[in-house]
Amino acid sequence: MLRIAVPNKGSLSGPAAEMLHEAGYQQRRESKELRIVDPENEVEFFYLRPRDIAIYVSSGRLDIGITGRDLLIDSGADAEEILPLGFARSTFRFAAKPGTASGIQDLKGRTVATSYEGIVAGHLADSGVDASVVHLDGAVETAIELGVAEVIADVVETGTSLRNAGLEVFGEPIMKSEAIVVRRTGADGEEPKVQQFLRRLQGVLVARTYVMMDYDCRVEQLEKAVALTPGLESPTVSPLHNEGWVAVRAMVPAKEAQRIMDDLYAIGARAILTTAIHACRL
Ligand SMILES: Nc1ncnc2c1ncn2[C@@H]1O[C@H](COP(=O)(O)OP(=O)(O)OP(=O)(O)O)[C@@H](O)[C@H]1O
Ligand SMILES: O=P(O)(O)OC[C@H]1O[C@H](OP(=O)(O)OP(=O)(O)O)[C@H](O)[C@@H]1O
Ligand SMILES: [Mg+2]
């Protein structure tokens with residue numbers, strides 16, 4: 001049975017459960033459940049604190065886990081990223097009151113508050129900057145107002161939390177993060193159950209980002225049309241009963257679907273339809 005760690009709380013928890021559900025796995029019914037078995041898929045899910053997941057996976061007791069890239073790096077655990085999942089996207093940045101600092105060199109001798117001590121201490125050391133780091137569990141934006149630190153380093157998504165606290169980011173982003181699948185460093189990558197799990201999640205990612213497009217066009221326009229809808233490998237082209245016309249079917253990025261439909265129409269394609277993809281294996 002494949003043993004998988006899933007975030008039990010926070011920003012990662014809801015979207016991770018939703019993705020697993022879309023991939024056909026059973027998920028817990030109540031937020032208090034700490035582990036469930038999905039016998040049909042031969043998988044056991046352990047609901048753990050997102051911060052602890054890389055540590056469990058690195059111990060080898062759990063095969064894989066879903067966590068944030070920033071949390072993996074912060075933990076220092078012996079685990080590696082094997083698949084990015086495209087949700088819980090954020091950047092990790094330094095911030096301070098406007099005018100207090102403009103780059104990492106300005107941190108020398110100062111105190112930085114953060115919930116991600118591992119990332120920050122590592123980044124300061126790599127940059128050769130000697131600063132103190134104070135660990136806080138959350139709501140670090142308030143630490144400056146209350147005099148605990150002069151600078152913070154935290155997750156930034158929309159920037160609303162920083163704005164509300166009267167703070168501004170400075171310097172280069174320390175890292176970009178999103179939800180990821182992790183496994184123990186060097187673990188058997190060919191393990192069929194792990195491969196099947198990854199293919200299912202990849203299927204969800206593709207179903208979320210692509211739509212299926214069907215249309216009819218004149219044979220003379222086919223090359224132009226196919227250039228607009230090259231598909232992932234190659235579009236399917238079938239003859240129509242009407243001489244001189246073909247039907248084309250290809251996957252296209254959902255974000256570009258409307259523009260592609262306009263362009264196809266402009267070159268004479270008709271009966272242009274898009275449909276959602278519910279699941280796929282590439
Ligand atoms: N506002 C946000 N937008 C996107 N990702 C976020 C946001 N806040 C946290 N994350 C991501 O969530 C992960 C942290 O999850 P964690 O559960 O520890 O914190 P949280 O989501 O802030 O929840 P809480 O603070 O309620 O415990 C990290 O990968 C982080 O990048
Ligand atoms: O840029 P924004 O869209 O405002 O998002 C970033 C904020 O979201 C998270 O905080 P959360 O609400 O989880 O509280 P916490 O600080 O207690 O973790 C993170 O720690 C930032 O404070
Ligand atoms: Mg938080």
Side-chain angles (χ1 to χ4, degrees), residues 5-17 31-32 34 47-58 65-77 79 81 85-180 182:
V6 185
N8 70 336
K9 287 183 179 170
S11 313
L12 297 167
S13 154
S31 61
K32 293 264 180 253
L34 294 181
Y47 296 88
L48 300 165
R49 293 308 289 257
R51 203 166 257 291
D52 301 335
I53 285 177
I55 297 165
Y56 280 105
V57 169
S58 71
I66 296 176
T67 185
R69 185 179 296 132
D70 45 10
L71 294 174
L72 165 66
I73 292 172
D74 190 64
S75 72
E81 172 175 341
L85 296 176
F87 60 86
R89 285 181 192 277
S90 65
T91 53
F92 194 78
R93 308 215 48 166
F94 287 120
K97 291 264 185 214
T100 2
S102 59
I104 190 165
Q105 297 305 327
D106 298 337
L107 296 185
K108 199 165 166 234
R110 287 179 158 172
T111 302
V112 185
T114 186
S115 309
Y116 294 75
E117 233 178 314
I119 296 181
V120 175
H123 187 70
L124 289 169
D126 289 348
S127 313
V129 173
D130 194 10
S132 319
V133 180
V134 53
H135 180 93
L136 296 173
D137 247 11
V140 296
E141 291 88 350
T142 310
I144 296 181
E145 189 64 45
L146 297 183
V148 168
E150 295 144 288
V151 172
I152 63 162
D154 199 14
V155 170
V156 179
E157 189 206 9
T158 61
T160 311
S161 308
L162 290 181
R163 256 194 312 281
N164 290 343
L167 304 177
E168 265 179 15
V169 296
F170 66 87
E172 293 297 310
I174 304 169
M175 65 170 299
K176 284 191 175 178
S177 184
E178 67 185 285
I180 57 172
V182 292

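- Val57 approaches Gly65 most closely through the heavy-atom pair CG2-N, 3.7 Å.
- Annotation for Ala79 and Ala54: closest pair CB-O, 4.0 Å, computed over non-hydrogen atoms.
- Residues Glu81 and Leu72 approach most closely at N-CD2, 4.0 Å, considering heavy atoms.
- Summarising the geometry of Lys9 relative to Arg49, their closest heavy-atom pair is NZ-NH1, 3.8 Å, with the distance given to 0.1 Å.
- The shortest distance between side-chain heavy atoms of Met175 and Ile73 falls below 4.5 Å.
- Other residues, nucleotides and ligands place more than 12 heavy atoms under 6.0 Å from the CZ atom of Phe170.
- Looking at every heavy atom in both residues, Thr91 comes nearest to Lys176 through CG2-CG, 4.0 Å.
- Taking the ring-ring contact (aromatic ring centres under 6.0 Å, His included) definition, one finds that Tyr47 meets it with nothing, sequence neighbours left out.
- The backbone N or O of Gly10 lies less than 3.5 Å from no partner atom in the side chain of Ser13, so there is not a single donor-acceptor pair.
- With respect to Glu157 and Arg89, no salt bridge is recorded, no charged nitrogen being found less than 4.0 Å from a carboxylate O.
- At least one donor-acceptor pair closer than 3.5 Å links the side chain of Ser115 to the backbone N or O of Leu136.
- Under the salt bridge (charged side-chain N to carboxylate O under 4.0 Å, His left out) criterion, Glu145 pairs with Lys97, not counting sequence neighbours.
- Ile152 has its side chain within reach of Ile144: a pair of non-hydrogen atoms, C-beta onward, lies under 4.5 Å apart.
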Does the pair Ser102 and Asp106 meet the rule for a side chain to side chain donor-acceptor pair (under 3.5 Å), with working shown?
-> CA-CA 7 Å; Ser102 59; Asp106 298 337; 3.1 Å; yes
For residues 117-132, which side-chain N or O atoms pair as donor and acceptor with protein atoms under 3.5 Å away, sequence neighbours left out?
residue	atom	partner	partner atom	Å
Glu117	OE1	His135	ND1	3.3
Ser127	OG	His123	O	2.8

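- Between Val140 and Tyr116, every side-chain heavy-atom pair lies at or beyond the 4.5 Å cut-off.
- Between the side chain of Ser177 and the main chain of Gly68, no donor-acceptor pair closer than 3.5 Å is present.
- Atom CD of Glu168 and atom CZ of Arg163 lie 10.5 Å apart (nearest 0.5 Å).
- The shortest distance between side-chain heavy atoms of Leu167 and Pro98 does not fall below 4.5 Å.
- Among all heavy-atom pairs drawn from Val112 and Ala149, the shortest one is C-CB, 4.2 Å.
- Side-chain contact between Asp74 and Asp70 is absent, with no heavy atoms from C-beta onward closer than 4.5 Å.
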Determine, stepwise, if the pair Val133 / Thr114 fulfils side chain to side chain contact (heavy atoms under 4.5 Å, CB included).
-> CA-CA 7 Å; Val133 180; Thr114 186; 3.8 Å; yes
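- Using a 4.5 Å cut-off on side-chain heavy atoms (C-beta onward), Leu162 and Val169 make contact.
- Between the side chain of Arg51 and the backbone N or O of Thr67, no donor-acceptor pair lies under 3.5 Å.
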